[in-house]
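Just so we're on the same page: letters track the sequence lines, and every chain starts at 1.
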Amino acid sequence: MFPPVNEQMDIIKRFAVEVFPEDELFEKIEKSIKQNKPLRVKLGCDPSKPDLHIGHSVVLRKLRQFQDLGHKAILIVGDFTAMIGDPSGKNKTRPSLTLEETRINGRTYLEQATKILSKENLEVRFNSEWLNNMNFADVIKLASKYTVAQILERDDFSLRYRQGMPISLHEFLYPLAQAMDSVAIEADVELGGTDQKFNLIVGREIQKAYGLEPQSIVLMPILEGLDGKEKMSKSLGNYVAITDDPKDMFGKIMSIPDELILKYYLYATFPNPLESEKFEEGLKSGLLHPKEAKIQTAKKIVALYHGEEEAEKAHQDFEKVFSKKEVPDEVETLFLNVANKVQPLVDVLVATGLAPSKKEAKRLIEQGGVYVDGSRVCDVYMNLDISTRRLIKYGKRKFLYIQSG
RNA sequence: GGGCAGGUACCGAAGCGGUCAAACGGGGCAGACUGUAAAUCUGCUGGGGUAUCCCUUCGGAGGUUCGAAUCCUUCCCUGCCCA
(Lines give C-alpha, C1' and ligand atoms only; values in the text may rest on other atoms or scores of the structure.)
Protein backbone atom coordinates (compact mmCIF):
# COMPACT_ATOMS: atom_id res chain seq x y z
CA MET A 1 0.00 0.00 0.00
CA PHE A 2 2.73 2.48 0.92
CA PRO A 3 5.80 3.06 -1.23
CA PRO A 4 9.10 1.91 0.30
CA VAL A 5 10.75 4.12 2.92
CA ASN A 6 13.56 5.41 0.80
CA GLU A 7 11.25 6.39 -1.97
CA GLN A 8 9.03 8.23 0.48
CA MET A 9 11.97 10.02 2.02
CA ASP A 10 13.14 11.16 -1.39
CA ILE A 11 9.80 12.62 -2.25
CA ILE A 12 9.40 14.27 1.11
CA LYS A 13 12.82 15.84 0.99
CA ARG A 14 12.49 17.19 -2.52
CA PHE A 15 12.02 20.99 -2.51
CA ALA A 16 12.11 21.04 1.29
CA VAL A 17 14.63 23.31 2.95
CA GLU A 18 14.92 21.18 6.03
CA VAL A 19 13.56 17.88 7.23
CA PHE A 20 14.36 16.95 10.79
CA PRO A 21 15.03 14.84 12.71
CA GLU A 22 15.52 12.76 9.63
CA ASP A 23 16.15 9.51 11.44
CA GLU A 24 12.99 9.90 13.48
CA LEU A 25 10.97 10.50 10.35
CA PHE A 26 12.57 7.49 8.74
CA GLU A 27 11.53 5.32 11.66
CA LYS A 28 8.05 6.72 11.65
CA ILE A 29 7.61 5.89 8.01
CA GLU A 30 9.02 2.42 8.54
CA LYS A 31 6.60 1.86 11.36
CA SER A 32 3.69 3.19 9.35
CA ILE A 33 4.45 0.76 6.57
CA LYS A 34 4.78 -2.13 8.97
CA GLN A 35 1.56 -1.36 10.77
CA ASN A 36 -0.16 -0.20 7.61
CA LYS A 37 -1.08 2.99 9.35
CA PRO A 38 -0.81 6.36 7.65
CA LEU A 39 1.15 9.18 9.26
CA ARG A 40 -0.77 12.13 10.60
CA VAL A 41 0.64 15.14 8.82
CA LYS A 42 -0.30 18.49 10.20
CA LEU A 43 -0.48 21.82 8.48
CA GLY A 44 -1.79 24.84 10.29
CA CYS A 45 -3.48 27.56 8.39
CA ASP A 46 -4.23 31.09 9.36
CA PRO A 47 -7.79 32.05 8.57
CA SER A 48 -7.20 35.71 9.29
CA LYS A 49 -6.24 36.02 5.66
CA PRO A 50 -8.14 33.41 3.74
CA ASP A 51 -6.98 34.34 0.29
CA LEU A 52 -4.40 31.83 -0.70
CA HIS A 53 -1.55 32.77 -2.94
CA ILE A 54 1.11 30.73 -4.60
CA GLY A 55 3.34 31.33 -1.61
CA HIS A 56 0.97 29.14 0.38
CA SER A 57 0.87 26.66 -2.43
CA VAL A 58 4.43 25.54 -1.72
CA VAL A 59 3.56 23.98 1.57
CA LEU A 60 0.18 22.80 0.35
CA ARG A 61 1.80 20.95 -2.52
CA LYS A 62 4.11 19.28 -0.07
CA LEU A 63 1.14 18.21 1.97
CA ARG A 64 -0.46 16.90 -1.17
CA GLN A 65 2.59 14.75 -1.75
CA PHE A 66 2.09 13.20 1.66
CA GLN A 67 -1.50 12.48 0.72
CA ASP A 68 -0.40 10.88 -2.49
CA LEU A 69 1.95 8.68 -0.50
CA GLY A 70 -1.05 7.46 1.42
CA HIS A 71 -0.74 9.57 4.53
CA LYS A 72 -3.37 11.58 6.28
CA ALA A 73 -3.34 15.34 5.84
CA ILE A 74 -4.66 17.21 8.80
CA LEU A 75 -5.46 20.77 8.08
CA ILE A 76 -5.81 22.82 11.21
CA VAL A 77 -7.85 25.92 10.73
CA GLY A 78 -6.52 28.25 13.37
CA ASP A 79 -9.81 29.89 14.12
CA PHE A 80 -8.89 30.25 17.74
CA THR A 81 -5.27 31.25 17.24
CA ALA A 82 -6.32 33.86 14.71
CA MET A 83 -7.89 35.65 17.62
CA ILE A 84 -4.41 36.06 19.04
CA GLY A 85 -2.80 36.92 15.75
CA ASP A 86 0.59 35.41 15.11
CA PRO A 87 3.07 38.24 15.03
CA SER A 88 5.45 36.17 12.93
CA GLY A 89 7.45 38.05 10.37
CA LYS A 90 5.76 41.32 10.96
CA ASN A 91 6.91 43.56 13.68
CA LYS A 92 3.41 44.62 14.32
CA THR A 93 0.70 42.99 16.26
CA ARG A 94 -2.02 41.83 13.98
CA PRO A 95 -5.59 42.76 14.53
CA SER A 96 -7.43 39.94 16.16
CA LEU A 97 -10.63 38.59 14.76
CA THR A 98 -13.74 37.17 16.29
CA LEU A 99 -14.38 33.45 16.19
CA GLU A 100 -17.19 33.82 13.68
CA GLU A 101 -15.05 35.81 11.30
CA THR A 102 -12.32 33.24 11.43
CA ARG A 103 -14.81 30.44 10.85
CA ILE A 104 -16.10 32.05 7.70
CA ASN A 105 -12.58 32.67 6.51
CA GLY A 106 -11.72 29.10 7.31
CA ARG A 107 -14.30 27.85 4.84
CA THR A 108 -12.92 30.09 2.12
CA TYR A 109 -9.48 28.83 2.89
CA LEU A 110 -10.56 25.25 2.62
CA GLU A 111 -12.30 25.84 -0.66
CA GLN A 112 -9.13 27.28 -2.11
CA ALA A 113 -6.82 24.76 -0.49
CA THR A 114 -8.62 21.86 -2.09
CA LYS A 115 -7.55 23.19 -5.47
CA ILE A 116 -4.24 21.70 -4.44
CA LEU A 117 -5.08 19.14 -1.79
CA SER A 118 -6.96 15.96 -2.39
CA LYS A 119 -10.25 15.69 -0.60
CA GLU A 120 -9.39 12.15 0.29
CA ASN A 121 -6.97 11.55 3.11
CA LEU A 122 -7.94 14.93 4.40
CA GLU A 123 -9.10 15.83 7.86
CA VAL A 124 -10.04 19.39 8.70
CA ARG A 125 -10.10 20.56 12.27
CA PHE A 126 -10.76 23.92 13.84
CA ASN A 127 -8.46 24.50 16.76
CA SER A 128 -11.10 26.25 18.82
CA GLU A 129 -12.35 22.70 19.30
CA TRP A 130 -9.72 22.15 21.98
CA LEU A 131 -8.26 25.58 22.65
CA ASN A 132 -11.55 27.19 23.43
CA ASN A 133 -12.22 24.59 26.07
CA MET A 134 -9.07 25.10 28.03
CA ASN A 135 -9.58 26.83 31.33
CA PHE A 136 -7.13 29.09 33.07
CA ALA A 137 -5.59 26.22 34.99
CA ASP A 138 -4.98 24.39 31.71
CA VAL A 139 -3.33 27.46 30.28
CA ILE A 140 -1.09 27.81 33.30
CA LYS A 141 -0.10 24.21 33.04
CA LEU A 142 0.75 24.68 29.40
CA ALA A 143 2.63 27.91 30.03
CA SER A 144 4.66 26.27 32.76
CA LYS A 145 6.21 23.95 30.19
CA TYR A 146 8.11 26.72 28.51
CA THR A 147 10.38 29.46 29.78
CA VAL A 148 10.69 33.14 28.97
CA ALA A 149 14.26 32.64 27.78
CA GLN A 150 13.09 29.88 25.46
CA ILE A 151 10.30 31.92 24.03
CA LEU A 152 12.55 34.93 23.58
CA GLU A 153 14.75 32.82 21.37
CA ARG A 154 12.27 33.34 18.67
CA ASP A 155 13.86 35.75 16.23
CA ASP A 156 11.10 38.19 15.88
CA PHE A 157 10.45 38.40 19.59
CA SER A 158 14.06 39.11 20.42
CA LEU A 159 14.29 41.56 17.57
CA ARG A 160 11.24 43.46 18.65
CA TYR A 161 12.43 43.36 22.22
CA ARG A 162 15.80 44.80 21.27
CA GLN A 163 14.25 47.46 19.11
CA GLY A 164 11.88 48.54 21.82
CA MET A 165 8.86 47.41 19.86
CA PRO A 166 5.83 46.31 21.81
CA ILE A 167 5.23 42.64 22.42
CA SER A 168 1.98 41.84 24.11
CA LEU A 169 2.02 39.07 26.62
CA HIS A 170 -0.59 37.04 24.79
CA GLU A 171 1.70 36.84 21.79
CA PHE A 172 3.96 34.60 23.80
CA LEU A 173 1.09 32.18 24.00
CA TYR A 174 0.79 31.86 20.26
CA PRO A 175 3.53 29.27 19.80
CA LEU A 176 2.18 27.38 22.77
CA ALA A 177 -1.33 27.37 21.40
CA GLN A 178 -0.08 26.13 18.09
CA ALA A 179 1.87 23.46 19.92
CA MET A 180 -1.30 22.35 21.64
CA ASP A 181 -2.73 21.65 18.21
CA SER A 182 0.00 19.10 17.67
CA VAL A 183 -0.82 17.56 21.01
CA ALA A 184 -4.53 17.48 20.32
CA ILE A 185 -4.31 15.79 16.96
CA GLU A 186 -1.22 13.75 17.79
CA ALA A 187 0.72 14.90 14.78
CA ASP A 188 3.51 12.70 13.48
CA VAL A 189 4.77 15.32 11.12
CA GLU A 190 4.20 19.03 10.87
CA LEU A 191 4.73 21.09 7.76
CA GLY A 192 5.45 24.75 7.56
CA GLY A 193 7.41 27.52 5.93
CA THR A 194 10.90 28.16 7.22
CA ASP A 195 9.49 31.10 9.18
CA GLN A 196 7.52 28.59 11.21
CA LYS A 197 10.58 26.74 12.44
CA PHE A 198 10.38 28.07 15.94
CA ASN A 199 6.69 27.33 16.36
CA LEU A 200 7.07 23.82 15.03
CA ILE A 201 9.93 23.09 17.39
CA VAL A 202 7.87 24.31 20.32
CA GLY A 203 5.31 21.80 19.10
CA ARG A 204 7.85 19.03 19.58
CA GLU A 205 8.74 20.18 23.07
CA ILE A 206 5.17 20.48 24.18
CA GLN A 207 4.23 17.12 22.73
CA LYS A 208 7.02 15.58 24.78
CA ALA A 209 5.84 17.45 27.86
CA TYR A 210 2.43 15.91 27.36
CA GLY A 211 3.85 12.44 26.98
CA LEU A 212 3.62 12.16 23.23
CA GLU A 213 6.16 11.25 20.62
CA PRO A 214 7.47 14.51 19.13
CA GLN A 215 6.54 15.36 15.59
CA SER A 216 8.99 15.47 12.74
CA ILE A 217 9.33 18.72 10.94
CA VAL A 218 9.35 19.56 7.25
CA LEU A 219 10.22 23.12 6.38
CA MET A 220 9.44 24.52 2.99
CA PRO A 221 10.96 27.59 1.37
CA ILE A 222 9.22 30.91 1.58
CA LEU A 223 8.43 32.33 -1.79
CA GLU A 224 9.35 35.96 -2.24
CA GLY A 225 6.69 38.27 -3.52
CA LEU A 226 6.62 39.80 -6.98
CA ASP A 227 8.92 42.58 -5.83
CA GLY A 228 11.59 40.03 -5.06
CA LYS A 229 12.26 41.59 -1.69
CA GLU A 230 9.64 40.74 0.85
CA LYS A 231 7.88 37.49 1.44
CA MET A 232 4.75 37.07 -0.58
CA SER A 233 1.76 38.36 1.26
CA LYS A 234 -1.56 39.83 0.60
CA SER A 235 -1.05 42.89 2.72
CA LEU A 236 2.05 43.81 0.76
CA GLY A 237 0.16 43.37 -2.47
CA ASN A 238 3.02 41.40 -3.99
CA TYR A 239 1.18 38.15 -4.45
CA VAL A 240 -0.34 35.88 -7.04
CA ALA A 241 -3.61 34.62 -5.65
CA ILE A 242 -4.55 31.10 -6.59
CA THR A 243 -7.93 32.52 -7.52
CA ASP A 244 -6.44 35.16 -9.80
CA ASP A 245 -7.73 34.98 -13.34
CA PRO A 246 -5.33 33.59 -15.95
CA LYS A 247 -4.42 36.99 -17.37
CA ASP A 248 -3.48 38.46 -14.03
CA MET A 249 -1.63 35.39 -12.98
CA PHE A 250 0.38 35.38 -16.14
CA GLY A 251 1.12 39.08 -16.03
CA LYS A 252 2.09 39.07 -12.41
CA ILE A 253 4.55 36.27 -12.91
CA MET A 254 6.04 38.09 -15.88
CA SER A 255 6.73 40.99 -13.58
CA ILE A 256 9.00 39.14 -11.20
CA PRO A 257 12.65 40.09 -11.26
CA ASP A 258 14.80 37.71 -13.26
CA GLU A 259 16.60 36.37 -10.21
CA LEU A 260 13.38 34.90 -8.94
CA ILE A 261 12.50 32.85 -11.98
CA LEU A 262 14.05 29.61 -10.87
CA LYS A 263 12.56 29.82 -7.42
CA TYR A 264 9.10 30.35 -8.77
CA TYR A 265 9.54 27.62 -11.32
CA LEU A 266 10.63 25.10 -8.73
CA TYR A 267 8.51 25.89 -5.72
CA ALA A 268 5.32 27.03 -7.36
CA THR A 269 5.12 24.14 -9.79
CA PHE A 270 7.06 21.22 -8.28
CA PRO A 271 8.46 20.06 -11.63
CA ASN A 272 9.82 16.56 -11.90
CA PRO A 273 13.60 16.15 -11.62
CA LEU A 274 14.09 15.83 -15.36
CA GLU A 275 12.21 19.02 -16.11
CA SER A 276 13.83 21.03 -13.40
CA GLU A 277 17.30 19.96 -14.39
CA LYS A 278 16.71 21.01 -17.96
CA PHE A 279 15.28 24.32 -16.90
CA GLU A 280 18.04 25.05 -14.47
CA GLU A 281 20.75 24.26 -16.95
CA GLY A 282 19.09 26.29 -19.64
CA LEU A 283 19.08 29.30 -17.38
CA LYS A 284 22.65 28.81 -16.30
CA SER A 285 24.05 28.32 -19.77
CA GLY A 286 22.02 31.16 -21.15
CA LEU A 287 20.39 28.91 -23.72
CA LEU A 288 17.07 29.62 -22.09
CA HIS A 289 16.38 33.32 -22.35
CA PRO A 290 15.06 34.84 -19.12
CA LYS A 291 11.94 36.08 -20.82
CA GLU A 292 11.35 32.65 -22.28
CA ALA A 293 11.97 31.08 -18.89
CA LYS A 294 9.50 33.42 -17.35
CA ILE A 295 6.92 32.62 -19.96
CA GLN A 296 7.37 28.91 -19.34
CA THR A 297 7.04 29.44 -15.61
CA ALA A 298 4.01 31.65 -15.96
CA LYS A 299 2.34 29.22 -18.33
CA LYS A 300 3.01 26.30 -16.07
CA ILE A 301 1.61 28.03 -13.04
CA VAL A 302 -1.48 29.27 -14.84
CA ALA A 303 -2.05 25.79 -16.22
CA LEU A 304 -1.99 24.34 -12.72
CA TYR A 305 -4.97 26.40 -11.72
CA HIS A 306 -6.77 27.05 -14.97
CA GLY A 307 -5.65 24.41 -17.45
CA GLU A 308 -3.36 24.43 -20.47
CA GLU A 309 -5.78 26.18 -22.74
CA GLU A 310 -6.26 29.19 -20.52
CA ALA A 311 -2.55 29.38 -20.00
CA GLU A 312 -1.98 29.55 -23.73
CA LYS A 313 -4.59 32.25 -24.05
CA ALA A 314 -3.08 34.29 -21.26
CA HIS A 315 0.23 34.07 -23.02
CA GLN A 316 -1.20 35.26 -26.33
CA ASP A 317 -2.92 38.15 -24.62
CA PHE A 318 0.22 39.17 -22.86
CA GLU A 319 2.20 39.28 -26.09
CA LYS A 320 -0.53 41.28 -27.69
CA VAL A 321 -0.85 43.91 -25.03
CA PHE A 322 2.72 44.35 -23.92
CA SER A 323 4.95 43.32 -26.78
CA LYS A 324 2.80 44.50 -29.64
CA LYS A 325 0.89 47.17 -27.71
CA GLU A 326 -2.38 45.95 -29.11
CA VAL A 327 -5.81 45.56 -27.61
CA PRO A 328 -6.50 42.29 -25.82
CA ASP A 329 -8.99 39.82 -27.24
CA GLU A 330 -11.63 40.26 -24.65
CA VAL A 331 -12.46 43.70 -23.42
CA GLU A 332 -15.41 44.37 -21.22
CA THR A 333 -18.05 46.84 -22.29
CA LEU A 334 -19.53 49.10 -19.70
CA PHE A 335 -22.80 50.89 -20.30
CA LEU A 336 -23.01 54.17 -18.50
CA ASN A 337 -26.40 55.46 -17.64
CA VAL A 338 -25.96 59.20 -17.94
CA ALA A 339 -28.16 62.11 -18.95
CA ASN A 340 -25.51 63.74 -21.06
CA LYS A 341 -23.88 61.72 -23.80
CA VAL A 342 -21.07 64.20 -24.07
CA GLN A 343 -19.11 64.54 -20.89
CA PRO A 344 -15.71 65.52 -19.68
CA LEU A 345 -13.46 62.52 -20.08
CA VAL A 346 -12.28 62.92 -16.53
CA ASP A 347 -15.81 62.44 -15.23
CA VAL A 348 -16.27 59.38 -17.37
CA LEU A 349 -13.08 57.86 -16.00
CA VAL A 350 -14.29 58.34 -12.47
CA ALA A 351 -17.78 57.10 -13.27
CA THR A 352 -16.43 53.87 -14.72
CA GLY A 353 -14.33 53.31 -11.66
CA LEU A 354 -11.14 53.31 -13.67
CA ALA A 355 -9.95 56.36 -11.78
CA PRO A 356 -10.42 56.76 -8.05
CA SER A 357 -10.67 60.53 -8.32
CA LYS A 358 -10.67 63.30 -10.89
CA LYS A 359 -7.29 64.46 -9.73
CA GLU A 360 -5.88 61.04 -10.33
CA ALA A 361 -7.47 60.88 -13.76
CA LYS A 362 -6.06 64.26 -14.71
CA ARG A 363 -2.67 63.27 -13.51
CA LEU A 364 -2.68 60.17 -15.65
CA ILE A 365 -3.82 62.12 -18.70
CA GLU A 366 -1.09 64.68 -18.14
CA GLN A 367 1.41 61.87 -18.01
CA GLY A 368 0.16 60.46 -21.26
CA GLY A 369 -1.32 57.31 -19.81
CA VAL A 370 -4.82 57.56 -21.22
CA TYR A 371 -5.89 56.54 -24.71
CA VAL A 372 -9.28 56.81 -26.39
CA ASP A 373 -9.84 54.64 -29.44
CA GLY A 374 -6.15 54.07 -29.74
CA SER A 375 -4.89 57.62 -29.65
CA ARG A 376 -3.30 59.31 -26.70
CA VAL A 377 -5.31 61.96 -24.93
CA CYS A 378 -3.37 65.16 -24.42
CA ASP A 379 -6.14 67.47 -23.32
CA VAL A 380 -7.05 67.13 -19.68
CA TYR A 381 -10.38 68.83 -20.29
CA MET A 382 -11.35 66.78 -23.29
CA ASN A 383 -15.01 65.97 -23.72
CA LEU A 384 -16.03 62.51 -24.71
CA ASP A 385 -19.05 61.56 -26.74
CA ILE A 386 -20.20 58.17 -25.58
CA SER A 387 -23.27 57.75 -27.75
CA THR A 388 -21.15 55.29 -29.69
CA ARG A 389 -18.85 52.69 -28.24
CA ARG A 390 -15.46 54.11 -27.25
CA LEU A 391 -12.36 52.20 -26.30
CA ILE A 392 -10.52 53.52 -23.31
CA LYS A 393 -7.08 52.51 -22.21
CA TYR A 394 -6.30 53.67 -18.73
CA GLY A 395 -2.74 53.14 -17.63
CA LYS A 396 -0.70 50.21 -18.76
CA ARG A 397 -3.19 47.46 -18.74
CA LYS A 398 -6.72 48.58 -18.10
CA PHE A 399 -8.95 48.41 -21.16
CA LEU A 400 -12.62 49.16 -21.27
CA TYR A 401 -15.28 49.80 -23.88
CA ILE A 402 -17.71 52.38 -22.80
CA GLN A 403 -21.03 53.49 -24.14
CA SER A 404 -24.06 55.31 -22.83
CA GLY A 405 -27.19 53.31 -22.29
C1' G B 1 2.71 54.46 40.88
C1' G B 2 7.20 57.95 39.52
C1' G B 3 10.79 59.89 35.75
C1' C B 4 12.14 60.31 30.58
C1' A B 5 11.31 59.80 25.26
C1' G B 6 7.70 59.33 21.53
C1' G B 7 2.71 59.15 18.46
C1' U B 8 3.34 63.11 11.29
C1' A B 9 0.42 61.08 4.69
C1' C B 10 0.34 53.70 2.26
C1' C B 11 5.14 52.64 5.28
C1' G B 12 9.78 54.65 7.45
C1' A B 13 11.22 59.48 8.80
C1' A B 14 12.12 65.27 8.88
C1' G B 15 9.60 69.58 10.41
C1' C B 16 8.90 72.33 16.27
C1' G B 17 4.23 79.50 15.40
C1' G B 18 3.30 81.84 9.29
C1' U B 19 6.92 80.81 3.00
C1' C B 20 3.34 73.20 5.35
C1' A B 21 -0.72 69.40 1.47
C1' A B 22 4.06 69.01 4.99
C1' A B 23 11.61 67.81 3.23
C1' C B 24 13.80 62.91 2.31
C1' G B 25 13.66 57.46 1.50
C1' G B 26 10.65 53.17 0.37
C1' G B 27 6.23 51.64 -1.95
C1' G B 28 2.57 52.73 -5.76
C1' C B 29 1.39 54.91 -10.61
C1' A B 30 2.82 56.95 -15.42
C1' G B 31 6.33 58.11 -19.47
C1' A B 32 10.83 56.83 -22.16
C1' C B 33 13.59 52.65 -23.17
C1' U B 34 13.52 47.25 -23.53
C1' G B 35 13.67 41.16 -23.57
C1' U B 36 8.61 41.84 -19.89
C1' A B 37 3.86 44.19 -15.80
C1' A B 38 12.50 42.60 -15.47
C1' A B 39 16.45 46.35 -15.06
C1' U B 40 17.56 51.59 -15.85
C1' C B 41 16.30 56.84 -16.38
C1' U B 42 12.50 60.79 -15.76
C1' G B 43 8.00 62.56 -13.75
C1' C B 44 3.69 62.13 -10.55
C1' U B 45 1.89 60.59 -5.75
C1' G B 46 -4.96 64.16 -0.33
C1' G B 47 -9.80 65.93 -2.58
C1' G B 48 -12.75 69.67 -5.42
C1' G B 49 -12.24 73.59 -9.18
C1' U B 50 -9.95 74.96 -16.97
C1' A B 51 -8.01 80.62 -12.56
C1' U B 52 -1.74 82.80 -7.31
C1' C B 53 -9.35 79.62 -4.77
C1' C B 54 -11.64 76.33 -1.31
C1' C B 55 -12.02 71.76 1.76
C1' U B 56 -9.77 67.52 4.54
C1' U B 57 -5.05 65.62 6.91
C1' C B 58 0.16 65.75 11.36
C1' G B 59 -2.94 60.26 18.14
C1' G B 60 -8.30 62.29 20.34
C1' A B 61 -10.88 66.48 22.55
C1' G B 62 -10.57 71.46 24.04
C1' G B 63 -7.74 76.25 24.39
C1' U B 64 -4.05 80.48 23.30
C1' U B 65 -3.13 83.33 18.70
C1' C B 66 -4.69 87.52 13.15
C1' G B 67 -2.43 82.52 12.20
C1' A B 68 -0.92 75.78 15.09
C1' A B 69 1.82 69.64 12.77
C1' U B 70 4.47 73.27 15.69
C1' C B 71 2.57 76.68 22.16
C1' C B 72 -0.92 75.32 26.57
C1' U B 73 -4.58 71.87 29.07
C1' U B 74 -6.54 67.17 29.21
C1' C B 75 -7.36 62.27 27.56
C1' C B 76 -5.73 57.80 24.85
C1' C B 77 -1.63 54.79 22.99
C1' U B 78 3.80 53.04 22.81
C1' G B 79 8.95 52.36 24.42
C1' C B 80 12.90 52.92 28.12
C1' C B 81 14.46 53.50 33.27
C1' C B 82 12.93 53.26 38.49
C1' A B 83 9.31 50.91 41.97
- Message: Between the side chains of D385(A) and K341(A), is the shortest nitrogen-to-carboxylate-oxygen separation below 4.0 Å, so that they form an ion pair?
- Response: no
- Look at E319(A) together with K291(A) and state whether they make a salt bridge at an N to O cut-off of under 4.0 Å. yes
- Task: Name every residue in residues 390-401 of chain A that has at least one heavy atom under 4.0 Å from any atom of RNA chain B, in order of residue number, or write none if there are no such residues.
- Result: G395(A), K396(A), R397(A)
- Message: Please report the distance, rounded to the nearest Å, between NZ in K291(A) and P in rA38(B).
- Response: 12 Å
- Query: Within the structure, does a side-chain N or O atom of S255(A) lie under 4.0 Å from either OP1 or OP2 of rA38(B)?
  - Reply: no
- Taking the P atom of each, how far is rU57(B) from rA22(B), in whole Å? 16 Å
- Would you say the side-chain atoms of H56(A) and Q112(A) include a donor-acceptor pair closer than 3.5 Å? no
- Atom C1', compared across rA32(B) and rA38(B): separation rounded to whole Å: 16 Å
- Message: Measuring to OP1 and OP2 of rA51(B), would you say a side-chain N or O of Y381(A) lies under 4.0 angstrom away?
- Response: yes
- Message: With a 3.5 Å limit on both atom pairs, tell me what rG18(B) is paired to, counting Watson-Crick and G-U wobble, or say none.
- Response: rC66(B)
- rC11(B) P sits how many Å from E230(A) CD, rounded? 14 Å
- Message: With rounding to the closest Å, how many angstrom separate the P atoms on rG6(B) and rA51(B)?
- Response: 42 Å
- Determine which nucleotide pairs with rA23(B), using a 3.5 Å limit on both distances of a Watson-Crick or G-U wobble pair. none
- Are the charged groups of K313(A) and D317(A) less than 4.0 angstrom apart, N to O? no
- Query: Which whole number of Å gives the distance between the C1' atom of rA23(B) and that of rA9(B)?
  - Reply: 13 Å
- Query: For the pair made of CD in E326(A) and P in rU36(B), what is the distance, rounded to whole Å?
  - Reply: 13 Å
Filtered N/O pairs between nucleotides 47-49 of chain B and protein, under 3.5 Å:
residue : atom : partner : partner atom : Å
rG47(B) : OP1  : S357(A) : OG           : 2.9
rG47(B) : OP2  : R363(A) : NH2          : 2.5
rG48(B) : OP1  : K358(A) : N            : 2.6
rG48(B) : OP2  : K359(A) : N            : 2.7
rG48(B) : N7   : K359(A) : NZ           : 3.3
rG49(B) : OP1  : K358(A) : NZ           : 2.4
rG49(B) : O6   : K359(A) : NZ           : 2.8

- Any side-chain N or O of K252(A) less than 4.0 Å from the OP1 or OP2 oxygen of rA37(B)? no
- Given atom CD1 of I253(A) and atom P of rU36(B), what is their separation to the nearest angstrom? 17 Å
- Remember a base hit wins even if backbone is also touched, and classify R376(A) as base, sugar-phosphate or nothing at under 4.0 Å, heavy atoms. sugar-phosphate
- Message: Salt bridge or not between K247(A) and E330(A)? Use side-chain N to carboxylate O under 4.0 Å.
- Response: no
- In terms of the nearest nucleotide of RNA chain B, which residue is placed more toward the 5' end: L364(A) or D248(A)? L364(A)
- How about Y146(A) and F172(A): are their ring centroids closer than 6.0 Å? no
- Using a 4.0 Å heavy-atom cut-off across all strands, classify K324(A) as base, sugar-phosphate, or nothing. nothing
- Task: Tell me the partner of rU78(B), counting only Watson-Crick (N1-N3 plus N6-O4 or O6-N4) or G-U wobble (N1-O2 and O6-N3) with both under 3.5 Å; none if nothing fits.
- Result: rA5(B)
- Run the salt-bridge test on R363(A) and E366(A) with the 4.0 Å N-O cut-off and return the result as yes or no. no
- Query: Is any side-chain N of the basic residue among R154(A) and E171(A) closer than 4.0 Å to the acidic one's carboxylate O?
  - Reply: no
